[in-house]
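Quick notes on the structure that follows.
Computed from a predicted structure; not experimentally measured.
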Amino acid sequence: MIRHIVMFTWKDGTPDTIKSEVLAGFEHMKKAIVHVIDMKCGSDQGFAEGNFDFAMIADFADKAAWSGYRMHPEHLAFVQKFGALSANIARIQSEIPH
């Protein structure tokens, strides 16, 4: 199984309405893209200084499924619409045991 993790910090001045749209966009992709086994996301709770603002974790059966998600039109549209909102972003794909 492949676990895909994305964390990012919002650019200054990003309105809460846009942040809500991003959350809704992830929820939409979870349902619309067949390659996604599970996807969870949410805002940082502010427990520690220096954290990213938002994180998304998604699971895929294998690299081919992750690649299918990455190139899926719904994901590409999401990135096109919201990708420029992050001031800082980190990504990782890790193999995890089932």
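Taking the salt bridge (charged side-chain N to carboxylate O under 4.0 Å, His left out) definition, one finds that Asp12 meets it with nothing, sequence neighbours left out. With sequence neighbours excluded, the residues satisfying salt bridge (charged side-chain N to carboxylate O under 4.0 Å, His left out) with Glu21 are Lys81. With sequence neighbours excluded, no residue forms a salt bridge (charged side-chain N to carboxylate O under 4.0 Å, His left out) with Lys63. Qualifying side chain to side chain donor-acceptor pair (under 3.5 Å) partners for His4, counting only residues two or more places apart in sequence or in other chains: Trp66, Gln93. Legend: residues meeting side chain to side chain donor-acceptor pair (under 3.5 Å) with Asp59, ordered by chain and number and at least two apart, are Arg3.
Between Thr14 atom OG1 and Phe82 atom CZ the span is 11.0 Å, to the nearest 0.5 Å. Of the inter-residue distances, the one linking Ile89 atom CD1 with Trp10 atom CH2 reads 10.0 Å to the nearest 0.5 angstrom.
Proximity of Met29 to Val36: side-chain heavy atoms (C-beta onward) are nowhere separated by under 4.5 Å. Between Leu23 and Phe54 the shortest side-chain heavy-atom distance falls below 4.5 Å.
Listed by first and then second residue, the salt bridge (charged side-chain N to carboxylate O under 4.0 Å, His left out) pairs involving residues 87-98 amount to none (not counting sequence neighbours). Screening residues 36-47 for side chain to side chain donor-acceptor pair (under 3.5 Å), with sequence neighbours left out, gives Asp38-Lys40, Asp44-Asn51.
Of all heavy-atom pairs between Ser86 and Phe8, the closest is CB-CB, 3.8 Å. Across Ile2 and Asp62, no two heavy atoms sit closer than the pair CG1-C, 3.6 Å. Nearest heavy atom pair, residue Glu27 against residue Cys41, reads OE2-SG, 4.4 Å. Closest of all the heavy-atom pairs between Tyr69 and Met56 is OH-CE, 3.8 Å.
Cluster note: Ile96 groups with Met1, Ile37 through ILVMFWY side-chain heavy atoms spaced under 4.5 Å, whether in direct contact or through intervening members. In this structure, Met7 belongs to a hydrophobic cluster whose other members, linked by side-chain heavy atoms under 4.5 Å apart, are Ile5, Phe52, Ile57, Ile92.
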Throw together a table of side-chain donor-acceptor distances under 3.5 angstrom for residues 71-79, partners on residues two or more places apart or in other chains.
| residue | atom | partner | partner atom | Å |
| --- | --- | --- | --- | --- |
| His72 | ND1 | Glu74 | N | 3.0 |
| Glu74 | OE1 | His28 | NE2 | 2.9 |
| His75 | ND1 | Arg70 | O | 3.0 |

